[in-house]
Amino acid sequence: MTTVLVIGAAGAVGRLATAALLERGVEVVEPEHRPGPAADARALRAAAEGCGAVLLLAPPAPGGVAAQNAVVDAAADVGARLVQVSSFGPAVREDSPVPGARRDWITHRYLMRRGLPYTLVRPDPLMQSLIGDHAADVRERGLLADPVGGRAIGMVDARDVAEVVVRVLTEPGHEGRTYRLGSGAETSYREIAALLSGLTDRPVQCRELSPGEVASWLEPRRGGEAQALDGAALFALLRAGAYGPAGDEDVVRIAHRAPRGVEEFLKDHLHHFMPAATTGEVS
């Protein structure tokens with residue numbers, strides 16, 4: 001069974017993919033330190049030694065492009081194939097207004113120049129962001145912010161993304177392909193607020209954010225300015241309708257089942273959105 005080096009195992013997709021790989025009996029290796037400007041290329045290459053595949057989840061990291069390209073170099077040097085996952089979807093392009101998406105595009109071009117076998121995975125925005133960005137406000141204030149101006153957008157569950165990634169890493173036939181992963185549906189934040197109102201049995205109001213509010217709203221939720229700027233730029237594209245959601249075809253074809261929808265996701269994670277008095281927590 002192939003050994004896999006995982007870069008970005010702490011994220012939503014990374015945690016789930018790592019657990020699923022281990023359940024399949026795949027040996028998983030993680031670097032001792034997060035790749036950054038001072039990353040030791042020799043240590044990264046040593047971590048990749050003996051690995052048949054490298055999973056690059058492209059988390060925001062010190063060093064940006066240089067850090068990601070160092071992972072590509074390590075994979076190429078040991079003859080491993082690389083699976084790159086970017087949650088910026090079709091925004092990954094040379095002229096992208098999303099800084100993180102431009103970094104991922106540069107890394108994509110670099111891995112092509114290095115000539116190693118690769119697969120690109122481009123999911124829609126993760127449903128898990130509803131927890132990180134919104135759950136506290138829903139629990140404490142009965143409020144759901146809308147960062148895309150009322151537009152319905154595509155989302156995908158990280159569990160579905162992780163399942164596809166694991167199959168891509170462990171099954172043949174995926175080299176040179178790009179997969180766009182979605183749930184096959186579009187949902188507005190107003191519709192999500194209505195779903196939460198019914199599921200929590202308490203009113204949840206939806207408030208549209210202005211474009212100028214989004215970055216400052218995201219910064220404490222995403223853990224820093226760079227992550228907030230990435231998110232705000234991506235939401236601006238979605239607000240403008242610059243690209244539509246992915247269909248469900250790639251998830252169905254690779255995972256052999258339909259992806260989860262937003263309502264199923266909310267039901268499975270409802271405890272995050274329930275007020276403390278309802279969940280029995282002590283405030």
Approximate separation, where rounding is to 0.5 Å, of Asp157 CG and Glu163 CD: 10.5 Å
Arg239 versus Asp146, closest heavy-atom pair with distance: NH2-O, 4.5 Å
Side chain Ser197, main chain Val204, donor-acceptor under 3.5 Å: yes
Donor-acceptor contact present, side-chain Arg221 to main-chain His134, <3.5 Å: no
Closest heavy-atom pair and its distance - Pro97, Leu237: CG-CD2, 3.8 Å
Joint cluster assignment, Val26 & Leu57, ILVMFWY side-chain distance < 4.5 Å: yes
Criterion side-chain contact (heavy atoms from CB on, under 4.5 Å) on Leu120 and Val92, from CA distance to verdict: CA-CA 11 Å; Leu120 306 177; Val92 178; over 6 Å; no
Point-to-point distance, once rounded to the nearest 0.5 Å, from CG of Asp201 to CE of Met274: 8.0 Å
Under 3.5 Å: donor-acceptor pair, side chain of Ser96, backbone of Arg93: no
Intermediate values then yes/no, salt bridge (Lys or Arg N to Asp or Glu O under 4.0 Å), Asp250 and Arg177: CA-CA 11 Å; Asp250 284 342; Arg177 295 180 179 269; over 6 Å; no
Backbone of Arg15 reached by a side-chain donor or acceptor of Thr18 within 3.5 Å: no
Donor-acceptor contact below 3.5 Å, side chain Asp124 vs main chain Ala246: yes
Residues Arg222 and Asp133 bridged, charged N to O under 4.0 Å: yes
Set of side-chain contact (heavy atoms from CB on, under 4.5 Å) partners for Ile131, sequence neighbours left out: Ala135, Phe265, His269, His272, Phe273
Arg151 side chain vs Leu238 backbone, donor-acceptor pair below 3.5 Å: yes
Approximate separation, where rounding is to 0.5 Å, of Leu111 CG and Gln68 CD: 10.0 Å
Close side-chain approach of Leu116 and Val54, heavy atoms under 4.5 Å: no
Spatial distance of atom CD (Glu249) from atom CG (Leu181) [nearest 0.5 Å]: 11.0 Å
Validation row: Glu191, Val262 side chains within 4.5 angstrom (heavy atoms): no
Side chain proximity check, Val252 to Pro259, heavy atoms < 4.5 angstrom: yes
Carboxylate-amine/guanidinium proximity below 4.0 Å for Arg114 and Asp77: yes
Side chain to side chain, Arg141 and Arg207, heavy atoms closer than 4.5 Å: no
side-chain contact (heavy atoms from CB on, under 4.5 Å) between Asp104 and Gln84, intermediate numbers included: CA-CA 9 Å; Asp104 288 354; Gln84 184 199 28; 4.0 Å; yes
Same apolar cluster: Phe88 and Leu229, side chain cutoff 4.5 Å: no
Considering all heavy atoms, the nearest Val166-Ala20 contact: CG2-CB, 3.7 Å
Cluster overlap Trp217 with Val138, hydrophobic side-chain contacts below 4.5 Å: yes
Check: Leu169 and Val165 side chains under 4.5 Å, non-hydrogen atoms: yes
Gly261 backbone acceptor or donor facing Ser183 side chain under 3.5 Å: no
Gap between atom CG of Leu195 and atom CG of Leu270 - 0.5 Å precision: 11.0 Å
Test item: Tyr189 and Leu209 side chains (from C-beta on) under 4.5 Å apart, heavy atoms: no
Heavy-atom closest contact (Val29 atom, Cys51 atom, distance): CG2-SG, 4.3 Å
Heavy-atom pair with the smallest gap, counting every atom of Pro147 and Val214: O-CG2, 3.9 Å
side-chain contact (heavy atoms from CB on, under 4.5 Å) evaluation trace for Asp73 with Val71: CA-CA 5 Å; Asp73 286 335; Val71 177; over 6 Å; no
Reported CG-to-CG distance for the pair Leu44 and Leu5, which is rounded to 0.5 angstrom: 6.5 Å
Side-chain heavy-atom pair Arg260, Val156 within 4.5 angstrom cut-off: no
Closest approach of Ala193 to Cys206 (non-hydrogen atoms, all atoms of both residues): CB-CB, 3.9 Å
Intermediate values then yes/no, salt bridge (Lys or Arg N to Asp or Glu O under 4.0 Å), Lys267 and Glu263: CA-CA 6 Å; Lys267 288 177 178 178; Glu263 185 171 4; 3.6 Å; yes
Cluster overlap Val121 with Val28, hydrophobic side-chain contacts below 4.5 Å: yes
Derivation and outcome, side-chain contact (heavy atoms from CB on, under 4.5 Å), residues Val72 and Leu82: CA-CA 7 Å; Val72 174; Leu82 187 136; 4.1 Å; yes
Residues Glu49, Arg45: salt bridge by 4.0 Å N-O rule: yes
Salt bridge Glu171-Arg167, side-chain N to carboxylate O under 4.0 Å: yes
Path from Val85 to Leu126 over hydrophobic side-chain contacts below 4.5 Å: yes
Met155 and Met127, any side-chain heavy atoms less than 4.5 Å apart: yes
His174 and Tyr179 aromatic ring geometry - parallel, tilted or perpendicular at 30°/60° bounds: perpendicular
